[in-house]
Structure formats: structure tokens, C-alpha cells
Amino acid sequence: MNSFIENVNFFEGNDPEKIAQEYGTPLYVYNENILRNRMDAVAKVITKYPYTANYSVKANTNIHILKLALEEGNNCDAMSVGEIQMLLKAGFPKERIFFVPNNVSAEEMQFAIDHGIMTSCDSLQQLELYGSLNKGGKVAVRINPGVGAGHHEKVITGGKKTKFGISEEFIPQIFEIAAKYNLTIAGINQHIGSLFMDPQPYLDAVTNILRIALQFKDLEFIDFGGGYGIPYHKLDDEKDFPMEDFKKRLEPILDDFVVKYGRAPLFKSEPGRFCVAEGSVILGRVHAVKHNNGKTFAGTDIGMNVLVRPSMYDSWHDIEVIREGKVVSRDSLMEQTVTGNICESGDLLAKDRPLPEMKRGDLACVLDTGAYGWSMCSTYNSRPRPAEVLICKDGSVKVIRRRETIEDLMRLF
Ligand SMILES: *Cc1c(COP(=O)(O)O)cnc(C)c1O
């Protein structure tokens with residue numbers, strides 16, 4: 001496709017150049033309609049049995065986006081006490097928060113217990129700790145599914161080499177610890193990894209955890225994890241995650257389990273990226289173009305502190321070029337390397353990428369930045385973190401996080 005932002009009318013009639021001038025660059029711009037649409041889609045993955053989609057908030061913790069998830073009927077997964085506090089502040093009742101941490105202190109676990117928030121223990125020692133803090137309580141355990149999937153070694157979270165969960169061979173010890181502290185194992189959860197476009201590994205992992213679930217008698221819920229992908233190569237016509245096909249193939253697996261288990265517990269999934277990634281772009285300014293040793297470098301203000309995924313995971317983000325408010329056509333492309341303004345050679349947004357020729361003063365519009373974008377921002381090179389604006393359903397533009405200032409950074413000294 002020539003342009004995603006034109007196809008979906010991302011700016012809802014607003015001029016991106018005006019938005020950039022008014023709020024400054026680099027700037028995260030969100031689209032409320034797209035965010036709501038994806039959150040609604042995940043809430044309907046299972047309709048035949050009791051089900052909730054738990055939005056995994058580490059992908060994006062902006063409180064205004066959490067409120068959208070609340071309204072769209074998503075529950076949420078928190079990875080830390082900070083994320084729990086964000087969710088409480090956004091208005092989530094404790095029943096709609098699931099704490100899925102790893103390697104937490106007694107104080108952190110106590111916080112969840114004091115707030116009545118269901119917690120999943122990621123190791124036998126964490127389960128032991130939980131038991132000692134909350135005798136007679138209800139708890140979940142995270143199972144390491146023994147298999148994983150994902151776009152990069154760093155985001156595969158299931159499998160024999162990863163740090164997450166308790167492997168199946170230790171299930172007898174789970175029961176021993178539960179008996180010792182009179183705990184009820186009310187849930188089991190897993191997560192195989194992030195960003196798969198083929199549903200099969202996930203379906204296999206569902207089958208696997210349902211087999212394991214038969215050993216647990218008191219389950220109130222079984223949580224299959226997240227990881228549904230989104231097309232990061234959409235300008236090259238990459239297809240969406242096949243949600244309808246996935247749903248069709250998931251149902252008979254659940255049917256089979258419900259017969260064997262004798263009842264249907266609550267099923268859960270934990271999508272993060274799918275809910276928010278496509279609902280945001282970053283607008284950045286091209287400040288300098290140069291030609292070094294036969295290579296063209298377009299230098300922008302979108303450094304690795306603003307979007308770390310390309311340098312951290314070699315991730316691909318499509319880039320559109322906007323000149324005077326209009327998307328530049330992709331009819332004629334030239335190879336360019338798009339960089340940020342951070343003093344690191346790894347500060348690259350795109351390497352040797354065929355793109356419309358970028359000129360000083362253009363806007364670079366980086367697509368699919370709503371997940372693991374702002375939430376992974378840093379202040380490296382003493383660069384304050386960017387502002388976030390939301391294009392609301394009615395087309396109005398609302399600041400949902402102000403730009404950080406140097407004073408904000410100084411305040412800590
Ligand atoms: C990060 C994470 C998720 C969400 O993964 P996505 O790829 O963003 O869907 C779900 N569950 C757990 C335990 C996670 O750590």
C-alpha cells in the first residue's frame with residue numbers, strides 16, 4: 001500500500017504538520033478509533049465460554065489508554081507494583097487486575113495481597129514466599145510451556161532456555177507448597193512469546209497447557225498468554241494476524257478440554273502489542289541529510305531514546321514521509337538510512353531502506369509505535385521523553401502526556 005496513514009485516515013482530518021508544530025517533535029500520536037477497535041477484537045476471541053482478554057499493560061501504560069481498555073471491557077495484566085498503581089488510578093477494580101510478576105520482593109507481593117489482587121507465582125520460591133505471606137489464600141502459578149515463539153530471541157518467553165515460569169516436572173512440588181500453606185491454586189497461566197503471525201504455535205501451547213490443567217482440580221481460570229502479532233511490514237502488504245481463522249481453530253480445542261475437565265473455567269489471554277501497536281505513530285522532524293561514503297543518511301529527532309525497538313530487537317517499523325502536511329508518494333524510492341540524534345552508532349531507525357527521498361524539514365512518520373514505544377523510552381543523552389497526543393473519535397486532539405522537561409530531570413538531584 002502507498003500509505004497506511006491515508007488508508008485509515010489516521011489523523012482524522014487533522015494536518016500532521018500542524019500537529020507537529022503545535023505539540024513539537026518527536027511526538028507520539030494515537031488514534032482512539034484504532035485503539036478501541038483492537039481492544040474490542042481481543043475481548044471477543046472466545047465467545048462460547050467464559051473469557052476475558054487481559055491487556056498486558058507493559059506495552060503501553062498511559063493512563064488514558066488504560067481507561068480505553070477499561071471501557072472496552074478488557075481486564076489487565078500488571079508486571080509490577082507500579083503498573084498495579086497505574087491501573088488502580090485509571091479506575092480498574094481489583095478483580096480486573098492480574099499480577100504476573102517475576103522475582104519480586106516480599107514487599108511487592110504484600111502490596112498485591114493487601115489490595116486483594118490475584119497474583120501468579122513464577123517460581124517455587126515465589127510460591128513459597130506467597131504462601132508464607134498469605135496462608136489459606138488463592139494464587140496462580142505460571143507454567144513454563146516448554147515451547148516458545150516470537151520475532152526475536154529476546155522476546156521468546158516460553159521454552160527450555162527461558163527464565164519464565166515453573167516447568168512441568170515441578171508440579172508435584174507446587175502441590176506440596178500449596179498443601180503446606182493451605183493455598184488454593186486457582187489459576188495457571190503461560191506466555192510463549194511475542195509477535196507471532198502464525199496461530200499454530202499458540203494453539204499447540206493452548207493444547208499443552210490444557211493437558212497440564214487436568215492435573216489441577218480447583219482452577220477458576222486458565223490463561224493462555226499473549227503475543228498475537230501485527231503486520232509491521234504493512235507498506236509491503238503484509239497481512240493482519242488471522243484472527244477469525246485463529247478463533248475457529250481454538251474453539252474445538254476448548255470443547256475437548258471442557259468435556260474432559262467436566263466444566264469450563266474462565267479462559268484468559270494476555271495480548272499487549274495487538275491492542276495498542278497500530279494505534280500510534282511517531283512524528284519526527286528530519287533535521288539534516290548527508291551523504292557519507294556513498295550512503296544517504298536522513299537524520300531525525302527520533303532517537304533510540306524515543307523508540308528503542310529497532311536498536312534493541314532489530315525491529316522493523318515502516319516509515320512514511322510527510323512534506324507540508326501531505327504523504328510523499330512511494331512511486332519513486334531511494335535507499336536511505338534513517339537515524340536519530342543520539343550519540344550511538346546503533347541509533348538507527350531504518351538501515352539501507354528504500355524510501356521516498358527525505359529532505360530537511362520533512363516529517364518522518366514511524367508506524368506501529370503504540371506497543372513498547374513510549375513505555376520503553378529513556379532519557380539517554382539527557383533528552384526529555386516525548387509528549388503523547390490522542391486523536392479522539394470526534395477528531396479533536398488531546399494531550400495525554402505532556403513532554404518531559406529538563407526541570408523534570410533536574411528534580412531528582
Ligand atoms: C509481555 C507479556 C504479554 C504481552 O505480550 P504481547 O506480545 O505484547 O502480546 C503477555 N503476557 C506476559 C506474561 C508478558 O510478559
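When a ligand or atom number is given, it counts from 1 through the structure's own listing order.
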I'd like to check whether [X] has a polar contact with ligand 1, where a contact means an N/O of the residue lying under 3.5 Å from an N/O of the ligand.
X	value
Ser194	yes
Met79	no
Gly272	yes

message: Can you name the atoms of ligand 1, numbered from 1 with element, that are less than 4.0 Å from a heavy atom of Pro271?
response: 9 (O)
- prompt: Relative to the heavy atoms of Ser56, which atoms of ligand 1 are at a distance of less than 4.0 Å?
  reply: 1 (C), 2 (C), 3 (C), 4 (C), 10 (C)
Counting only heavy atoms, which portion of [X] has something under 4.0 Å from ligand 1: side chain, backbone, both, or neither?
X	result
Glu270	both
Ala59	neither
Tyr372	side chain

query: Hey, mind stepping through Tyr55 and Glu72 against side chain to side chain donor-acceptor pair (under 3.5 Å) and telling me if it holds?
result: CA-CA 11 Å; Tyr55 166 50; Glu72 291 302 328; over 6 Å; no
query: Taking the inter-plane angle between the rings of Phe175 and Phe216 on a 0 to 90° scale, is it parallel (under 30°), tilted (30 to 60°) or perpendicular (over 60°)?
result: tilted
query: Does some non-hydrogen atom of Gly225 fall short of 4.0 Å from ligand 1?
result: no
message: Any heavy atom of Ala371 closer to ligand 1 than 4.0 angstrom?
response: no
message: Please tell me whether Tyr313 and Tyr372 form a close aromatic pair, meaning their ring centres lie under 6.0 Å apart.
response: no
task: Let me know which of Phe246, Phe267, Phe257 forms a ring pair (Phe, Tyr, Trp, His ring centres under 6.0 Å) with Phe224.
output: Phe267
message: Working note: Tyr202 + Tyr228, criterion ring-ring contact (aromatic ring centres under 6.0 Å, His included); need CA distance, chi angles, decisive distance, verdict.
response: CA-CA 9 Å; Tyr202 188 89; Tyr228 315 144; 5.4 Å; yes
message: Quick one, Pro231 and Met197 - any side-chain contact, counting heavy atoms below 4.5 Å?
response: yes
field: Heavy-atom nearest neighbour of atom 14 (C) of ligand 1 within options Gln190, Arg273, Arg142, Lys58
entry: Lys58
- request: Could you tell me whether Arg309 sits above the aromatic face of Tyr232, with NZ or CZ closer than 6.0 angstrom to the six-membered ring centre and within 45 degrees of the axis?
  value: yes
